[in-house]
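Data block below; observations after.
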Amino acid sequence: MYENITSELIAFLAGAPTAFHAVAEEREILAAAGYTELSEGRPWKLEEGGKYFVCRNESSLIAFRVPSFGFGSLMMAAAHSDSPTFRIKGEHPEMEACGAYTRLNVEKYGGAIMAPWLDRPLSVAGRLILKKEGRFTTKLVKVDRDLVLIPNLAIHMNHDINDAKKFNAQVDMLPLFGDEEAKEGFLKTIAAEAGVEASEIAAADLYLYSRVPGTVWGAKGEYFSSGRLDDLQCGYALLRGFLDAAENKASLPVYCLFDNEEVGSGTKQGADSTFLTDVLTRIAAAAGRTPEELKAAIAAGFMISADNAHAIHPNQPEKADPLNQPKMNKGIVIKYHAGQKYTTDSVSAALFKEVCARADVPVQEFFNRSDMSGGTTLGNIANSHVSLNTVDIGLPQLAMHSPYETAGTADTAYLARALKEFYSLALTDEGQGCYTLK
């Protein structure tokens with residue numbers, strides 16, 4: 001079923017240069033699968049057997065099915081839609097330089113590895129807010145051609161360039177847009193690509209994206225590289241598993257794709273918002289369930305927080321834990337942290353291992369070196385609003401937060417298979433630390 005999932009994922013990533021585009025693509029996939037889009041600004045009327053999704057800010061999405069109004073537990077999985085990049089500062093970001101160039105003013109979004117952004121073809125994509133005849137409408141834009149480039153300084157002028165170069169985002173990372181005559185051309189270029197008049201653009205959320213296409217490579221084609229694998233590789237695999245799962249009337253399957261994880265999730269559309277709580281509350285109300293019954297279903301539920309993991313590095317193996325060293329193409333990574341940067345505990349780990357065993361999917365384990373701090377993800381943030389057994393997992397990759405990341409060609413299918421099994425199950429909390437999956 002998932003033989004071609006790597007090529008499908010690469011095509012998906014090519015159409016998803018921003019979180020807005022990722023949600024737009026998933027919106028199309030869900031609509032084609034028979035899911036009805038709901039609006040947060042209107043009353044919901046749900047039906048047993050119904051399939052639904054709702055978007056917030058055009059950059060986050062929650063999809064769910066209602067096999068029965070009598071569901072006993074929630075089976076949820078979440079990933080994030082955003083990736084580190086550079087945001088364009090406003091609609092008029094042009095900056096003159098040396099009387100010969102026009103650069104664009106940008107700022108960092110998330111913890112990007114800066115060096116790989118230099119000397120490669122880049123372009124601009126994002127969301128436009130259009131004002132026409134008193135109405136404000138949203139339109140996505142993707143400039144589908146090489147538009148800008150961030151040039152390096154020649155080694156002859158910077159002899160220390162290969163010695164732990166420290167980049168200044170305001171000095172080193174401004175992309176070259178054109179010569180001095182391009183000074184007033186940025187907004188016109190964006191408007192032309194969007195098929196609108198520049199005067200119609202009231203505001204915009206625009207970002208740089210890498211134009212290097214995704215590719216499969218390696219001696220046996222065992223690796224693939226692309227931008228935004230963190231975290232759209234997980235997001236796409238979760239969605240495929242969600243769509244392919246069998247119906248289980250005892251559970252309510254929920255798929256979440258949150259924005260802004262790379263900057264802390266503290267937005268109205270992030271995992272630290274009310275988005276998930278609002279959706280679950282409205283589902284329960286439409287199903288005729290009391291608030292107490294919803295709380296019981298949440299407490300009996302299970303969440304998979306999926307955000308990519310670090311594979312052991314071929315040139316820097318000492319950066320990995322001495323015993324726990326995830327490898328690409330060797331299965332899903334369960335992530336642990338004593339300080340609870342990851343939510344995994346013995347209960348959630350055991351339950352997830354059981355899901356993977358039933359799906360015939362291998363698992364690995366990740367711990368940071370004890371003398372190194374790692375990143376955080378959305379699991380513990382979401383748990384502060386909707387508290388339930390949660391496991392943090394990911395797919396092993398190299399060069400996380402680079403504009404061109406690498407992963408194994410087998411692992412996306414592993415996660416899709418595991419999630420197909422997961423979403424086909426219901427969790428029962430029998431009390432006193434006893435659980436069953438069926």
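Fair warning: this is a prediction, and the values are worked out from it, not measured in the lab.
We find that Asp205 and Arg127 are joined by a salt bridge, their nearest charged nitrogen and carboxylate oxygen being less than 4.0 Å apart. Salt bridge present: Arg27 and Glu37 bring a charged side-chain N and a carboxylate O closer than 4.0 Å.
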May I have the list of side-chain donor-acceptor pairs in residues 271-281 shorter than 3.5 Å, sequence neighbours left out?
{"from": "Asp272", "atom 1": "OD1", "to": "His385", "atom 2": "NE2", "distance (Å)": "2.8"}
{"from": "Ser273", "atom 1": "OG", "to": "Lys268", "atom 2": "O", "distance (Å)": "3.1"}
{"from": "Ser273", "atom 1": "OG", "to": "Gly270", "atom 2": "O", "distance (Å)": "2.6"}
{"from": "Ser273", "atom 1": "OG", "to": "Phe275", "atom 2": "N", "distance (Å)": "3.1"}
{"from": "Thr274", "atom 1": "OG1", "to": "Asp278", "atom 2": "OD2", "distance (Å)": "2.8"}
{"from": "Asp278", "atom 1": "OD2", "to": "Arg56", "atom 2": "NH2", "distance (Å)": "3.0"}
{"from": "Thr281", "atom 1": "OG1", "to": "Thr277", "atom 2": "O", "distance (Å)": "2.8"}

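A cation-pi arrangement is absent between Arg65 and Tyr255, since the terminal nitrogen or guanidinium carbon is not both under 6.0 Å from the aromatic centre and inside a 45° cone about the axis. In this structure, Lys420 is not positioned above the aromatic face of Phe422 in the sense of NZ or CZ being under 6.0 Å from the six-membered ring centre and within 45° of the axis.
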Query raised in the report: Please walk me through it: do Ser424 and Asn248 pass side chain to side chain donor-acceptor pair (under 3.5 Å)?
Result: CA-CA 6 Å; Ser424 301; Asn248 188 326; over 6 Å; no
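Between Leu294 and Ile283 there is no side-chain heavy-atom pair separated by less than 4.5 Å.
Ring planes of Trp117 and Phe86: perpendicular class, angle over 60° (limits at 30 and 60°).
Taking Lys89 as the reference, nothing meets the salt bridge (charged side-chain N to carboxylate O under 4.0 Å, His left out) condition, with sequence neighbours excluded.
Using modelled atom types, one side-chain atom of Tyr423 and one backbone atom of Ala77 make a donor-acceptor pair closer than 3.5 Å.
Nearest heavy-atom pair, Leu243 versus Ala33, reported as atom, atom and distance to 0.1 Å: CD2-CB, 4.1 Å.
Checked against the 6.0 Å centroid threshold, Tyr336 and Tyr342 do not count as a close aromatic pair.
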